[in-house]
Every structure is written in structure tokens, then in C-alpha cells.
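Inspection log for the structure reproduced underneath, given as C-alpha cells.
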Amino acid sequence: LEIDYFGLEVAIFGGRPWIKDATFTPGPELTSRRQNPGAVLIGRSVVLFGGWDGHRALNTTEVCDLATMVFRNGPNMLTARYACGATTIPGKNRALVIGGRGADDNHLATTEVFDLETMGMTQGPNMLSARAFCAVVALDARRVLVIGGQNPTVLKSTEVLNLDTM
């Protein structure tokens, strides 16, 4: 039984549910194996940060140009990390990489800023608490919210970064 209140399904999705006939197809292959990287969409590029290759935390990045759908190596990060969060910085061709777990499996409070135009990484501000497996959301052009995570237990805290202070 399917109920369509006030015709909203048709008004919003243009007919049948948009997901009904959706299928996955193979995407572009990465340049290296990676588990739990941070990922963002900046303009027409998908950027991956760090990850775990099955043996160690990575300090590498990969950039996929959506026009060619090919991943290529990007700049090295300042710190190897996996299980990190990442978000774009609104209005700029930059991303903020947050926390994660480092090469010695420690929880990180450090952040890094990626600049798509210069293809460079710079040190960002330290968080109040080290955290991995957290969620990150740009609230607007001035604030980033870091949510939960682990250190070493599951966290219920959040932090707000004011981008005006960077």
C-alpha cells in the first residue's frame, strides 16, 4: 500500500520514487588502497584524505576530476591519519581535515587545510579534544561543527570552529 499525501511525491520527485530503479555501476579506481579516508567535493573535484591501507595510516591524498573521472595523486598531508572527518570551507576552494587516528593509532586533535588551487596542505587549528570517526558539517561560511567521534570511548561532545579566527 502506497499513500501519497497531497500529491507531494509527484511534486517533489517527479513521479515514481527516484530511487526505485537506481543501480550502482563501477566507478573510477583509486591510485592506492584506502579504508576510512576523509572525503569532500570541492567544485568539480572529489578529494580523499588519508585512510588506512591495511597496514598503516596514510598521509596521502587523491583528487578525482569529475570531468575525466580519473583519480590522481594529490599532495601529501602533514600527518598520516585515517578515520578523519572532512568538510569543504564554503565560498573557498578549500577543505578542512579534522582529527582521526595517527600513525601510532593515537587519536588526533590536529586539523589540516587543503587548498585546491595551490594543491597544498597547511596546519589548521587544534581541536579542544582529540577525536576519530567524527562527523563534520560546515554550518555556514564562518562556522564548522564537529560532532561526536571516539577518544577512546564514544563521545557525545561537539566543537564549533569559527573560521574567522583562522
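Here the structure is a predicted model, which means the values were calculated and not measured.
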dist R94:CZ -> F114:CZ (nearest 0.5 Å) comes out at 11.5 Å
Evaluate the criterion side-chain contact (heavy atoms from CB on, under 4.5 Å) for residue pair L41 and V47; output intermediate values, then yes/no.
CA-CA 6 Å; L41 174 67; V47 185; over 6 Å; no
For R56, give me all partners under salt bridge (charged side-chain N to carboxylate O under 4.0 Å, His left out), at least two apart in sequence or on another chain.
D53
Just checking, any donor-acceptor pair under 3.5 angstrom between side chains of T60 and N76?
no
P90 to A141 - nearest heavy-atom pair and separation
CB-CA, 3.9 Å
So, using salt bridge (charged side-chain N to carboxylate O under 4.0 Å, His left out) as the criterion, who are the partners of R44 when residues are at least two apart?
none
How long is the gap from CG on L48 to CD on E62, to the nearest 0.5 Å?
5.5 Å
Considering non-hydrogen atoms only, spot the tightest contact between A86 and A39 and give its length.
CB-N, 4.0 Å
Say whether V63 and V40 are linked into one hydrophobic cluster, either directly or through other cluster members, by side-chain heavy-atom distances under 4.5 angstrom.
yes
Counting only pairs under 3.5 Å, give me each side-chain donor-acceptor contact of residues 116-127, with atom names and distances, residues two or more places apart or in other chains.
residue : atom : partner : partner atom : Å
E117    : OE2  : N93     : ND2          : 3.0
T118    : OG1  : G120    : N            : 3.4
Q123    : NE2  : T111    : O            : 2.9

Applying side-chain hydrogen bond (donor to acceptor under 3.5 Å, both in side chains) between R81 and each of T110, N59, N36, report the one that passes.
T110
Gap separating the CZ atom of R34 from the CZ atom of F49, nearest 0.5 angstrom
10.5 Å
Honestly curious: do V144 and V113 fall in one hydrophobic cluster under the side-chain, below-4.5 Å linking rule?
yes
Who are the salt bridge (charged side-chain N to carboxylate O under 4.0 Å, His left out) partners of R142, not counting sequence neighbours?
D164
side-chain contact (heavy atoms from CB on, under 4.5 Å) for R131 and S157? Distances and angles first, verdict last.
CA-CA 10 Å; R131 55 183 78 219; S157 62; 3.0 Å; yes
Are the side chain of E29 and the backbone N or O of V70 linked by a donor-acceptor pair below 3.5 Å?
no
For the atom pair SG (C84) and CZ (R101), what is the distance rounded to the nearest 0.5 Å?
13.0 Å
For V160, what are the other residues in its hydrophobic cluster, where any two members join if their side-chain heavy atoms are less than 4.5 angstrom apart?
V137, L139, L145, I147
Where do C134 and I98 land on the side-chain contact (heavy atoms from CB on, under 4.5 Å) test, with the steps shown first?
CA-CA 8 Å; C134 59; I98 304 276; 4.0 Å; yes
Are V97 and Y82 linked, directly or through other ILVMFWY residues, by side chains that come within less than 4.5 angstrom of each other?
no
If only atom types and distance count, is the side chain of E112 paired as donor or acceptor with the main-chain N or O of L96 below 3.5 Å?
no
So does H107 get a backbone contact from the side chain of N151, meaning a donor-acceptor N/O pair under 3.5 Å?
no
Taken to the nearest 0.5 Å, the spacing of F71 CZ from T31 OG1 works out to 8.5 Å
Run V146 and L161 through side-chain contact (heavy atoms from CB on, under 4.5 Å) and show every step you take.
CA-CA 8 Å; V146 182; L161 172 62; 5.8 Å; no
Can you sort out the partners of D65 under salt bridge (charged side-chain N to carboxylate O under 4.0 Å, His left out), two or more places apart, ordered by chain and number?
none
